[in-house]
2 protein chains.
Amino acid sequence: MNYESPIVTVDVPLFTLLDRRLHVALGVREKAPEMGKACVTGGYIHTDEDVDDQAAALRILREKVDFVPRYAEQGFTEANRNRDERGWSVSIVWLALADAESLVDLVARRGMKLYDIQDGGANLPEQMAFDHRLLVLKAAERLRSKAAYSTIVAHMLPREFSMSELQGAYEAVRLKPCNAANFRTKILKEQVLAETDMLRSGGRPATGYTLKEPIAYFDRELY
Amino acid sequence: MNYESPIVTVDVPLFTLLDRRLHVALGVREKAPEMGKACVTGGYIHTDEDVDDQAAALRILREKVDFVPRYAEQGFTEANRNRDERGWSVSIVWLALADAESLVDLVARRGMKLYDIQDGGANLPEQMAFDHRLLVLKAAERLRSKAAYSTIVAHMLPREFSMSELQGAYEAVRLKPCNAANFRTKILKEQVLAETDMLRSGGRPATGYTLKEPIAYFDRELY
DNA sequence: ACAATAGTGTCTGTTAGACAGTATTCA
DNA sequence: TGAATACTGTCTAACAGACACTATTGT
């Protein structure tokens, strides 16, 4: 027997930190079905040009909103018969991260909007296309759990950041405060940061840091 | 423009512990292409009967090899244009776990075979269908990393197990030994195990344990 | 009694977490 | 000089890890 093949899309929620709170950039769906509702940037795989799902994710961001994220990784795949009225469909969800400035610029250019998702989705729009509310919440949850033992959150900061900015990023994503003195010593001991120039701020200038590697993993949770 | 939709399959590597070493159960592919090569149990999504990818994974195991795993979860999705000569294809890989006895019985019934994958795939068959070698290795790696901070490995033991069996499971999957006294106190403190009847063994009978919940997560790695 | 496996108590070095205090900038 | 932010040193309780010891079975 021959079975109808499901529809396959790649959806790419864009995350950043704004005012030390996790935000996601959403657009507005421009065609039926679900026209006019808030949606994650996504699209079909182009079997003639995309070599793999990562290439598809990056092409979709480039073509649809002219954006190159700082970091992207596959999150999870949502696949069921109810998520799209047009039939059984598969969404490969990629998480993309960028600094706030780039995303603020993007949403201004493209008529998109940044939504605070610090409070379990309370500030997401009422109506969202398809199951995109679920996709965003699952992706945020994945980000939270990955943040605990990796340097992934640093990609939502400027390339050079201060220790307190980095701490703020961990706190926002992990949803709990941590002690500045202990945070500093612990992450420095992990040897994942490289020092750069000084950064000016309100008081004493702070040492600037960058990630040595795009992502590093810790043996234990970073509190 | 209208794009050809990729082929979508669900592939389900079956893992267990045999002689305190991680093993995967593989079958033999019975049709072209790649006929005769070792392969992961998998199949197409049946859009008329599967409600979602989990249902598809379980149906495929049931129909193809008449097996119900003890635990299954979505692992990752492999999606590119080179993995199947017939065209751009997507595999949603589900990890399935079972006790050794059930899988030994399964492979005997179905002409499958259990392969030791303790040594990074050195004991996998030379020729495997499609990219199934990669799928198995990636799935095993996912299992290893998840094992560090959860009770997932217990599903590769009998439903009731002794503390030393559980320790052996962690050691096999994590690839490092750990101290019996400390392992015991640490996992008991997590309160994830329930006591059952005594289990007979070579010496003093051991307290039997079962998982309280299908899966529990720890705040820190269990050494 | 002894081999084999299960389970406990205790000690030591390391780490988490709290907190006091010093350093360097701008207004 | 004082407000603001950056950074350091030290103390304590908890935990990781090692290890010696006791307990309960079968032979």
Side-chain angles (χ1 to χ4, degrees), chain A residues 17 19-20 147-151 154 157-158 160-210 216-223, chain B residues 17 19-20 147-151 154 157-158 160-210 216-223:
Chain A
L17 280 163
D19 304 325
R20 305 212 161 177
Y149 54 92
S150 79
T151 55
L157 297 174
E160 299 193 13
F161 46 83
S162 70
M163 198 50 86
S164 61
E165 286 174 315
L166 185 60
Q167 182 186 340
Y170 275 96
E171 289 178 335
V173 177
R174 294 293 297 156
L175 297 173
K176 55 179 171 186
C178 63
N179 182 282
N182 301 331
F183 178 82
R184 176 186 306 275
T185 53
K186 269 189 285 190
I187 200 153
L188 286 177
K189 182 143 56 172
E190 296 285 349
Q191 312 222 316
V192 294
L193 302 180
E195 289 193 12
T196 62
D197 300 331
M198 286 303 204
L199 303 174
R200 308 264 130 192
S201 56
R204 168 176 168 179
T207 305
Y209 295 96
T210 55
Y217 296 94
F218 312 133
D219 275 353
R220 44 191 83 213
E221 206 168 321
L222 204 69
Y223 288 95
Chain B
L17 280 164
D19 305 325
R20 306 210 160 179
Y149 55 93
S150 78
T151 54
L157 296 174
E160 300 194 12
F161 47 82
S162 69
M163 196 52 85
S164 60
E165 286 174 315
L166 185 60
Q167 183 186 339
Y170 275 96
E171 290 178 335
V173 177
R174 295 293 296 157
L175 298 174
K176 57 179 168 182
C178 63
N179 181 282
N182 301 331
F183 177 82
R184 177 187 305 275
T185 54
K186 268 189 283 190
I187 199 153
L188 287 177
K189 182 143 55 172
E190 296 284 349
Q191 310 222 318
V192 294
L193 303 179
E195 289 193 12
T196 61
D197 299 334
M198 286 303 204
L199 302 173
R200 307 264 130 189
S201 56
R204 169 176 167 178
T207 306
Y209 295 95
T210 56
Y217 296 94
F218 311 134
D219 275 352
R220 44 191 83 213
E221 207 167 320
L222 203 68
Y223 290 94

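None of these values were measured; they are calculated from a predicted model. Each chain gets a letter, A, B and so on, in the order its sequence line appears, and its residues count up from 1.
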Check your understanding: Between CD of A:Glu160 and CD of A:Glu165, what distance do you get to the nearest 0.5 Å?
Key -> 10.5 Å

Check your understanding: Looking for any heavy atom pair under 4.0 Å, which part of the strands does B:Thr185 touch: base, sugar-phosphate only, or nothing?
Key -> nothing

Practice item. Using atom CG of A:Leu222 as one end and atom P of C:dA16 as the other, report the distance to the nearest whole Å. Key: 9 Å

Exercise for review: Taking only the side-chain nitrogens and oxygens of B:Ser162, find out if one of them lies under 4.0 Å from OP1 or OP2 of C:dT5.
Suggested key: no

**Study point:** pair B:Phe218-B:Thr151: side-chain heavy atoms closer than 4.5 Å
**Key:** yes

**Study point:** Close side-chain approach of B:Leu188 to B:Met163, heavy-atom, < 4.5 Å
**Key:** yes

Review point. Nucleotide by nucleotide, 5' to 3', does protein get under 4.0 Å of the base (B), only the sugar-phosphate (S), or neither (-) in nucleotides 17-27 of chain C, counting heavy atoms?
Key: BBB---BBBS-

Point to revise | Euclidean distance, atom NZ of residue B:Lys189 to atom P of C:dG9 [Å, nearest integer] | key: 14 Å

Practice item. Working to the nearest 0.5 Å, report the span between CG of A:Leu157 and OG1 of A:Thr210. Key: 12.0 Å

**Study point:** Euclidean distance, A:Ser164 OG relative to A:Glu171 CD, rounded to 0.5 Å
**Key:** 9.5 Å

Review point. Toward the 5' end of DNA chain D, which comes first, A:Ala180 or B:Glu221, by nearest nucleotide?
Key: A:Ala180

Point to revise | Separation of atom CD in B:Gln167 from atom P in C:dA6, rounded to whole Å | key: 10 Å

Practice item. Starting at NZ of A:Lys186, measure out to CG of A:Asn179 and round the result to the nearest 0.5 Å. Key: 8.5 Å

Check your understanding: Can you give the first and last nucleotides of DNA chain D, 5' to 3', that have an atom under 4.0 Å from a heavy atom of chain A?
Key -> D:dA4 to D:dG9

Check your understanding: For the pair made of CZ in B:Arg184 and C1' in C:dT8, what is the distance, rounded to whole Å?
Key -> 9 Å

Practice item. Determine yes or no for a side-chain-to-main-chain donor-acceptor pair under 3.5 angstrom, with B:Gln167 supplying the side chain and B:Arg184 the backbone. Key: no

Check your understanding: At what distance, to the nearest 0.5 angstrom, does OH of A:Tyr209 lie from CD1 of A:Ile187?
Key -> 10.0 Å

